[in-house]
Amino acid sequence: DVKVTQSSRYLVKRTGEKVFLECVQDMDHENMFWYRQDPGLGLRLIYFSYDVKMKEKGDIPEGYSVSREKKERFSLILESASTNQTSMYLCASKQDRAPNEKLFFGSGTQLSVL
Amino acid sequence: TQLLEQSPQFLSIQEGENLTVYCNSSSVFSSLQWYRQEPGEGPVLLVTVVTGGEVKKLKRLTFQFGDARKDSSLHITAAQPGDTGLYLCAGVEAYGQNFVFGPGTRLSVLP
């Protein structure tokens with residue numbers, strides 16, 4: 001089975017800490033995405049990457065950065081965590097740029113910033 | 001920024017009932033996808049609709065894409081507890097890299 005794996009299911013951090021969220025896909029997909037999911041707001045795109053070392057800002061990139069050093073791994077970095085970054089973070093991948101290709105999601109990381 | 005609205009936001013029904021949830025936008029999308037998300041899991045694709053007016057069936061689920069490709073509906077016949085979850089619609093923009101997600105409809109089917 002194809003798989004998108006997120007390193008942590010639950011994470012609790014303190015305000016000001018640097019936080020790394022890791023995502024690995026085993027499908028050789030070119031495109032990878034980071035979303036955050038908040039009740040009533042749906043999924044909002046933070047960053048995406050369509051190739052190794054390439055990244056594009058999504059709708060809400062402020063306070064976040066990303067790294068894609070290898071095709072299978074896409075990392076989300078919170079440089080200095082704040083309480084308003086408490087959220088469910090979902091990583092996803094997609095095979096190519098075709099518009100009807102589906103997103104494969106990981107199980108999510110519930111991050112709490114205290 | 002394109003927006004998708006979903007209604008109702010919450011729905012609690014008894015097993016065996018029928019239901020319809022809606023996904024609406026003022027924008028045109030190249031296609032629209034429906035995902036279901038169960039607690040503790042990521043969303044999983046149910047269907048993609050591409051052509052205006054298109055109807056797709058997946059067992060007891062019927063999906064329709066509006067003629068103008070701005071809205072969609074999901075109808076479930078004889079709902080079962082296994083249908084419980086968060087139903088998300090996602091509009092796909094023309095170049096296929098940006099998915100606009102609605103806030104979701106949280107469905108609870110009681111036995």
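Letters go in sequence order (proteins before strands), and every chain restarts at 1. All values derive from a computational prediction rather than experimental measurement.
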For a side-chain contact (heavy atoms from CB on, under 4.5 Å) check, start with the C-alpha distance between A/Leu90 and B/Glu41, then their side-chain angles and the critical distance, and finish with the verdict.
CA-CA 9 Å; A/Leu90 288 164; B/Glu41 298 296 331; over 6 Å; no

Is it the case that more than 12 heavy atoms not belonging to A/Arg73 sit under 6.0 Å from its CZ atom?
no

For A/Lys102 and B/Val47, run side-chain contact (heavy atoms from CB on, under 4.5 Å): C-alpha distance rounded to whole Å, both residues' side-chain angles, the deciding distance at 0.1 Å, then the answer.
CA-CA 9 Å; A/Lys102 68 179 181 180; B/Val47 78; over 6 Å; no

Closest non-hydrogen atom pair between B/Tyr35 and A/Leu103, with its separation:
OH-N, 3.1 Å

Under 6.0 Å between ring centres, would you say that holds for A/Tyr35 and B/Phe101?
yes

Using a 4.5 angstrom heavy-atom cutoff, name the option from B/Ala90, B/Gly104, B/Pro43 with the most pairs to chain A.
B/Pro43

Considering all heavy atoms of both residues, which atom of B/Pro103 and which atom of A/Gly40 are nearest to each other, and what is their separation?
CB-O, 3.4 Å

Structural part of B/Leu86 lying under 4.5 Å from a heavy atom of chain A:
side chain

Check each atom of A/Gln6 against the heavy atoms of chain B and say whether the ones under 4.5 Å are side chain, backbone, both or neither.
neither

Ignoring hydrogens and angles, tell me if any N or O in the side chain of B/Gln6 forms a donor-acceptor pair with the backbone of A/Gly42 under 3.5 Å.
no

Would you say that more than 12 heavy atoms from the other residues, nucleotides or ligands in this model lie under 6.0 Å from the CD of A/Glu22, or not?
yes

Which region of A/Leu43, side chain (C-beta onward) or backbone (N, CA, C, O), has a non-hydrogen atom less than 4.5 Å from a non-hydrogen atom of chain B, or is it both or neither?
both

Okay, A/Arg9 and chain B: the region with an atom under 4.5 Å from a heavy atom over there is side chain

